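Here is the structure we will look at, set down as structure tokens.
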Amino acid sequence: MEVALDKVTMDQVPNEVHQVVAPPYKSSLQKFITKVKETFFPDDPLRQFKGQPLKRKLILGAQYVFPVLQWAPSYSFKLFKSDLISGLTIASLAIPQGISYANLANLPAILGLYSSFVPPLVYVVLGSSMDLAVGPVSIASLVLGSMLTEEVSPSEQPDLFLQLALTSTFFAGIFQAALGILRLGFIIDFLSKAILIGFMAGSAVIVALQQLKGLLGIKHFTKKMALVPVLSSVFQNKHEWSWQTILMGVCFLVFLLVARHISIRKPKLFWVSAGAPLVSVIISTVLSSVIKAQLHGISVIGKLPQGVNPPSVDKLLFQGSHLGLAIKTGLVTGLLSLTEGIAVARTFASIRNYKVDGNKEMMAIGFMNVVGSTTSCYVTTGSFSRSAINHNAAVIGLIDLPSAYLIWKLDKFDFVVMLTAFFGVIFISVQLGLAIAVGLSVFRILLQVTRPKTVMLGNIPATTIYRNIHHYNEATRVPGFLILSIEAPINFANITYLNERILRWVDEEEATINDNLCLQFVILEMSAVSAIDTSGVSLFKDLKTTLTMKGVQLVLVNPLADVIEKLQKADEVDDFVREDYLFMTVGEAVTSLSSLMKGQSPTMEEEEAQKIVTEY
């Protein structure tokens with residue numbers, strides 16, 4: 001009997017049927033509070049205050065607002081020595097980088113140095129990352145310079161250009177801090193990894209192209225950033241090329257590449273690539289002074305102002321025809337720099353196994369830029385290269401070929417998005433290239449929402465498990481049942497598709513019926529339907545009506561709390577959500593409904609199996 005019983009599937013053995021019930025009652029206010037909490041406070045930052053005395057709550061509150069109060073009491077001399085070495089190393093890189101990035105933003109070189117001084121002082125008080133080194137970065141500098149240059153010439157109107165740069169920085173900081181305060185950090189998640197990789201690679205190309213002006217000694221250079229205009233400008237102004245400038249530039253470029261190669265091959269020598277830029281600046285400065293470079297067609301920056309950051313509150317513009325440009329530039333650069341800063345912070349936090357609070361980082365970077373805009377600094381954020389040096393790694397490049405190859409292997413659409421960001425940046429513009437890539441990503445999300453995945457389920461033999469028949473070859477369809485799984489929320493955007501797709505499956509199933517058994521039940525497995533709106537409720541009403549006309553019953557399996565609550569409220573007359581057609585599992589539904597099957601002529605094997613089950 002044991003051998004014969006093994007031939008009987010478990011869903012043929014009578015099982016207890018568990019009832020589907022509505023969730024415990026909650027008022028609309030309670031539901032709203034829960035929704036807000038889960039949306040904006042998934043980390044529940046207030047849980048640390050529960051059950052604490054008032055004094056402890058005040059201390060925890062101060063530490064939450066000023067993370068420096070968390071680590072300062074345990075700060076040791078050993079950590080100070082490490083920080084001193086890291087600080088000197090980063091400074092050696094920050095000086096030449098600051099000058100270069102300020103030039104990339106079409107700003108005075110001294111602003112690059114100013115922007116490497118005040119922002120870190122603000123971040124050390126408000127930031128939560130132990131590795132993030134802040135300052136000007138190439139991408140934000142590039143975008144800031146390109147967006148402002150579209151309307152204002154940095155050479156013809158330098159004072160206005162500087163004012164707009166500082167004002168854009170102010171608005172960038174306000175936008176960043178507001179995202180953190182209002183817990184709206186999920187907005188930056190629209191910049192996917194694929195977009196960032198493509199965007200940063202494209203930006204790297206643009207940054208390199210912009211260096212051709214200084215490398216070749218060209219004085220009349222295009223204001224545009226795209227590949228074609230830049231190359232056209234380079235070759236149209238060949239008469240301005242300076243062989244002396246080219247020779248000096250190529251020599252230092254080779255020196256920097258060799259230093260970087262040494263640090264990559266031997267990570268312990270990370271200080272070689274970190275110090276190479278400063279060494280290049282020192283040597284080129286001395287050499288330019290000795291040979292009087294300006295007399296040989298080599299352009300020089302000139303003397304930099306002495307002293308620390310001067311106040312710049314009076315340079316902020318809050319009125320005039322260019323205010324809109326400043327706000328727009330601030331929003332774009334603020335979003336990009338915030339994304340880069342948080343990405344860098346999270347990267348090194350994962351390496352050292354500690355947690356970074358994204359909302360704190362947004363507030364820290366935001367207030368850092370607000371303060372910076374009043375002290376002659378332009379947009380700053382966490383830097384890949386400086387943070388990598390701070391962590392004793394090799395410098396991270398902007399062109400990440402291994403990650404691009406991984407994206408190609410994992411998801412071809414993401415690879416297309418990445419290429420769109422890359423080519424959009426280098427051939428169109430930084431802003432439009434990024435916007436098109438984001439648009440493609442959003443389009444994909446809309447497709448997933450409006451065309452949710454639906455699959456047909458079959459039974460895994462000798463079990464009560466039901467799985468996708470196109471995924472598991474052993475899964476078999478149950479005669480008289482059409483079992484479908486909906487794997488997305490149901491809302492106004494996808495009800496038409498779902499209605500048409502389900503009815504098409506019904507028509508296809510009816511076309512394969514035989515004389516002994518017809519389609520009698522359509523089972524919708526709804527474990528993945530996390531939410532439903534009023535339009536979604538109407539879908540079930542329409543399906544019920546259509547299926548009833550065909551002599552088919554609609555069965556719902558495991559509708560979640562929010563879903564079953566709305567369906568029951570809408571079905572006051574117990575029309576389309578009947579208790580006898582609600583089940584917790586597909587196995588229970590098939591077992592219970594099999595006894596109600598009409599017009600079925602059991603086979604000899606089924607009769608024998610039923611006899612064995614009865615005896616058992």
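These figures come from a predicted structure and were not determined experimentally. These numbers come from the heavy atoms of this one structure, side chains and all, not from hydrogens, waters or symmetry mates.
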Fill in: Positive for ring pair (Phe, Tyr, Trp, His ring centres under 6.0 Å) with Phe415, one of Trp408, Phe422, Tyr405
Trp408
Practice prompt. Can you measure from CG (Leu287) to OG (Ser280) and round to the nearest 0.5 angstrom?
Written response: 11.5 Å
Worksheet, complete the sentence: Nearest heavy-atom contact between Val379 and Ala140 is CG1-CB, 4.1 Å
Worksheet item: Which atom names give the shortest non-hydrogen contact between Met363 and Ala177, and what distance separates them?
Response: CG-O, 3.9 Å
Practice prompt. Could you pull out the closest heavy-atom pair between Thr169 and Tyr378, with the gap in Å?
Written response: OG1-CA, 3.2 Å
Item to complete: Give a yes or no answer on whether the side chain of Asp533 reaches the backbone of Phe492 with a donor-acceptor pair at less than 3.5 Å.
Response: yes
Worksheet entry | Side-chain donor/acceptor of Ser289 to backbone N/O of Thr285, under 3.5 Å | no
Practice prompt. Using modelled atom types only, decide if a donor and an acceptor are shared between the side chain of Ser337 and the backbone of Gly334 within a distance under 3.5 Å.
Written response: yes
Discussion item. Using a 3.5 Å distance criterion without hydrogens, assess whether the side chain of Ser115 forms a donor-acceptor pair with backbone atoms of Gly112.
Written reply: no
Item to complete: Taking only Lys NZ, Arg NE, NH1 and NH2, and the carboxylate oxygens of Asp or Glu, determine whether Arg444 and Asp414 approach each other closer than 4.0 Å.
Response: yes
Fill in: Exam field: side chain Trp241 to backbone Val234, donor-acceptor pair closer than 3.5 Å
yes
Worksheet item: Backbone N or O of Gly372 within a donor-acceptor pair of the Thr375 side chain at under 3.5 Å?
Response: yes
Item to complete: Using atom types as modelled and distance alone, determine if a side-chain donor or acceptor of Glu151 lies under 3.5 Å from a backbone N or O of His322.
Response: no
Worksheet item: So, the side chain of Ser312 versus the backbone of Ser376: is there a donor-acceptor pair under 3.5 Å, distance only?
Response: yes
Practice prompt. Mind listing the closest non-hydrogen atom pair of Phe367 and Ile181 along with its distance?
Written response: CZ-CD1, 4.3 Å
Worksheet item: How far apart are the closest heavy atoms of Ile195 and Ser441, and which atoms are they?
Response: CD1-OG, 3.3 Å
Worksheet item: Does Asn494 use its side chain to pair, donor to acceptor, with the backbone of Pro489 at less than 3.5 Å?
Response: yes
Practice prompt. Say whether, by atom type as modelled, one donor and one acceptor occur between the side chain of Asn309 and the main chain of Tyr114 under 3.5 angstrom.
Written response: yes
Worksheet item: Do you know the tightest heavy-atom contact between Ala493 and Val449?
Response: CB-CG1, 4.2 Å
Worksheet item: Phe170 and Phe318: ring pair (Phe, Tyr, Trp, His ring centres under 6.0 Å), yes or no, with the steps?
Response: CA-CA 10 Å; Phe170 175 83; Phe318 298 115; 5.3 Å; yes
Discussion item. Using side chain to side chain contact (heavy atoms under 4.5 Å, CB included), reason through Glu361 and Leu132 one step at a time and then give a plain yes or no.
Written reply: CA-CA 10 Å; Glu361 289 300 296; Leu132 195 66; 3.7 Å; yes
Fill in: Asp411 CG to Lys193 NZ distance, which is reported to the nearest 0.5 Å
12.5 Å
Worksheet item: In Å, rounded to the nearest 0.5 Å, how long is the span from CG of Leu338 to CG of Leu179?
Response: 6.5 Å
